[in-house]
Amino acid sequence: MAAPQIIWFRQDLRLRDQAALLAAAAAGPVLPLFVLDESRIVRAAGGASRWWLHHSLAALDASLRALGGGLLLLRGPAAELIPKLVADTGADAVHAIRLSEPWWPLIEREIPRLQLHEGNSLVPAGLLRTKAGDRFRVFTPFWRAMQGWGPPPRPLPAPARLTFAPLPAGDRLVDWSLLPRAPDWSGGFSGWQPGEAGAQRRLADFLDKAGDYGERRNYPGEEATSRLSPHLHFGEISPADAWHAVEPQKGSAPWLRQLAWRDFALETLEQYPKSASRPHRPEFAHMPWTDVSSGEGRALLRAWQRGRTGYPLVDAGMRQLWASGWMHNRVRMVAASFLVKHLMIDWREGERWFWDTLLDADLANNAMGWQWVTGSGVDSAPYYRIFSPEGQAEKFDAQAYIRHWVPEFGRSDYPAPLVEHRLARERALAAHAALKG
DNA sequence: TGACGCTTTAC
DNA sequence: TAAAGCGTC
């Protein structure tokens with residue numbers, strides 16, 4: 001029998017538009033593999049993401065079983081397990097889709113016969129260049145260059161049949177304990193369907209509405225967004241696939257532009273890997289952030305996390321996040337701005353909370369979003385941009401959204417505001433001004 | 001309310 | 001190659 005071709009699934013848990021899978025299948029019998037790597041160099045998935053991962057892996061395994069095979073599950077350092085698997089099986093190659101998180105190259109250099117394929121972005125990161133030949137650091141010129149480059153490749157069909165190599169013994173998914181037990185807080189996740197079929201269903205639901213996205217996307221009470229973010233993070237649908245489905249819709253340009261932000265976040269992360277863990281602009285290292293290790297600062301952070309700041313739009317968003325694993329993007333900006341500007345808490349505290357609670361938690365997007373709000377990023381909002389939570393609620397008709405997530409708003413048991421908006425605003429502006437002085 | 005990346009223009 | 005202007009965040 002021909003030597004096995006390992007297809008190493010990572011954040012590309014799909015059969016459609018899966019270049020690594022197709023390359024493997026063209027070369028020989030495939031050995032589908034997923035490794036749960038929680039070693040020190042990797043940023044392990046947060047709580048909500050682990051729930052998603054469990055169901056997504058179950059769905060992928062079921063799809064592979066339907067084709068007569070299955071998914072090999074291994075837990076441990078990929079840099080050790082995969083070389084051993086290659087040796088044990090005599091595999092001819094390890095196929096994977098290239099990713100942008102900074103730990104992957106460290107792992108990949110240990111893996112023999114690795115073949116990387118594109119497919120996690122619309123345009124391969126690093127390909128587009130300025131006229132001077134540099135990589136882009138600002139979104140708008142990057143977006144213009146993307147448009148000049150043309151559409152991404154047409155999605156490749158899922159293989160109709162596959163020849164599988166014998167599957168070595170591996171782990172059972174249930175033994176990974178990715179799902180919450182006592183207490184099971186995943187009840188609010190029931191609106192989601194992890195896996196490739198769920199991703200395609202979301203996409204189909206969105207197509208009718210894609211033309212209204214530009215006008216309605218900022219209204220948190222409306223179902224105007226695609227909600228594809230967790231599916232895109234886990235690669236259950238490729239960005240190119242989503243692009244080609246949405247692009248023919250009239251008025252789809254604003255959504256395509258937002259999809260391009262995902263590419264831009266990957267481009268930024270590859271250029272500045274440390275921007276995921278520290279402010280890009282060095283002066284922000286000297287910001288007098290609130291001490292959250294104990295006392296009042298800790299209580300402020302906790303109030304923000306649990307949606308008890310006394311600002312109803314912030315609280316509605318934080319409760320939506322806690323309950324459902326997702327928050328409307330407009331509200332993400334307001335809630336994040338509140339943490340950083342009003343409470344003057346280091347954005348990394350917020351980033352860590354989002355990482356743990358978001359089903360779509362993604363290193364590149366999360367870090368870029370937080371740095372953008374803070375004003376500390378490569379390409380970010382001006383420091384004096386301080387959202388007024390009440391002004392934003394008014395502007396984007398958030399009353400129904402607030403009533404839904406904060407039913408006690410207006411009653412006596414709703415908390416008083418943690419800080420007064422005008423005072424907080426003045427304090428944040430003064431702190432930023434002092435940074436420059 | 002400023003800062004700055006990128007392109008264009010001028011040399 | 002440097003400076004200026006544009007446009008975005």
Side-chain angles (χ1 to χ4, degrees), chain A residues 122-123 125-150 213-215 217-218 225 253-276 278-288 328-342 344 347-348 350-351 354 362 364-392 395-396 420-437:
Chain A
L122 296 166
V123 178
L127 183 69
L128 298 174
R129 298 288 167 143
T130 69
K131 292 230 158 70
D134 300 322
R135 292 178 75 156
F136 286 96
R137 290 177 288 177
V138 172
F139 176 73
T140 303
F142 176 78
W143 171 232
R144 273 199 279 267
M146 272 185 87
Q147 289 169 296
W149 182 257
Y213 172 83
E215 264 185 39
R217 68 192 184 102
N218 279 318
T225 70
W255 190 83
L256 299 178
R257 184 184 156 99
Q258 288 309 115
L259 186 62
W261 270 97
R262 185 180 169 281
D263 267 41
F264 183 63
L266 298 172
E267 177 73 24
T268 302
L269 182 61
E270 286 197 12
Q271 288 185 75
Y272 305 104
K274 289 181 182 161
S275 69
R278 58 147 180 77
H280 178 73
R281 293 172 197 252
E283 67 269 25
F284 279 82
H286 305 113
M287 182 66 98
H328 188 279
N329 190 56
R330 166 61 45 178
V331 193
R332 290 189 199 198
M333 291 192 276
V334 175
S337 175
F338 186 84
L339 183 78
V340 172
K341 306 277 170 88
H342 289 71
M344 286 198 60
W347 63 269
R348 284 171 288 189
E351 194 273 344
F354 274 24
D362 181 89
N365 288 328
N366 205 21
M368 159 156 293
W370 279 98
Q371 296 240 36
W372 182 88
V373 160
T374 305
S376 60
V378 184
D379 182 29
S380 54
Y383 72 92
Y384 53 80
R385 173 108 166 254
I386 297 172
F387 285 114
S388 156
E390 285 164 337
Q392 290 284 304
K395 187 171 176 186
F396 297 111
E420 201 267 318
H421 172 65
R422 281 174 52 117
L423 284 176
R425 183 188 151 78
E426 294 308 317
R427 186 177 61 168
L429 286 174
H432 283 282
L435 274 189
K436 297 162 199 303

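Chain naming here is simple, since letters A, B, ... match the order of the sequence lines and numbering starts at 1 in each.
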Taking the ring of W370(A) and the ring of F354(A), is the distance between their centroids below 6.0 Å? yes

Does the ring centre of F139(A) sit less than 6.0 Å away from the ring centre of W261(A)? yes

Could you tell me if the side chain of R137(A) sits less than 4.5 Å from the side chain of Y272(A), heavy atoms only? yes

Rounded off to whole Å, could you give me the CZ-to-P distance for the R385(A) and dT8(C) pair? 13 Å

How many whole angstroms separate atom NZ of K131(A) from atom C1' of dT7(B)? 7 Å

So F142(A) and L128(A), do their side chains get closer than 4.5 Å, heavy atoms only? yes

Pair H280(A), D379(A) - check side chain to side chain contact (heavy atoms under 4.5 Å, CB included), show working. CA-CA 10 Å; H280(A) 178 73; D379(A) 182 29; over 6 Å; no

Looking for any heavy atom pair under 4.0 Å, which part of the strands does R129(A) touch: base, sugar-phosphate only, or nothing? nothing

Could you tell me how far apart Y383(A) (OH) and dC4(B) (C1') are, to the nearest whole angstrom? 14 Å

E283(A) atom CD, over 12 foreign heavy atoms within 6.0 Å: yes

Could you give the CZ-to-P distance, from R425(A) to dT1(B), as a whole number of Å? 11 Å

Across all chains, not counting sequence neighbours, the ring pair (Phe, Tyr, Trp, His ring centres under 6.0 Å) partners of F387(A) are none

R281(A) side chain, from C-beta outward: closest of dC4(B), dC6(B), dT1(B): dC4(B)

How long is the gap from OH on Y384(A) to CD1 on I386(A), to the nearest 0.5 Å? 11.0 Å

Whole-Å distance separating the CG atom of D134(A) from the C1' atom of dT7(B): 13 Å

If you take any heavy atom closer than 4.0 Å to DNA chain B, which residues from residues 137-149 of chain A end up in contact? R137(A), V138(A), P141(A)

Just the rounded figure in Å: distance from P of dG5(B) to CZ of F264(A). 11 Å

Counting only non-hydrogen atoms, which of residues 265-272 of chain A are less than 4.0 Å from DNA chain B? none

Nearest whole angstrom, please: distance from the C1' of dA3(B) to the NE2 of H280(A). 13 Å

Spacing of E283(A) atom CD relative to dA3(B) atom P, expressed in whole Å: 10 Å

If you define the side chain from C-beta out and look only at heavy atoms, does anything of Y383(A) sit under 4.5 Å from L435(A)? no

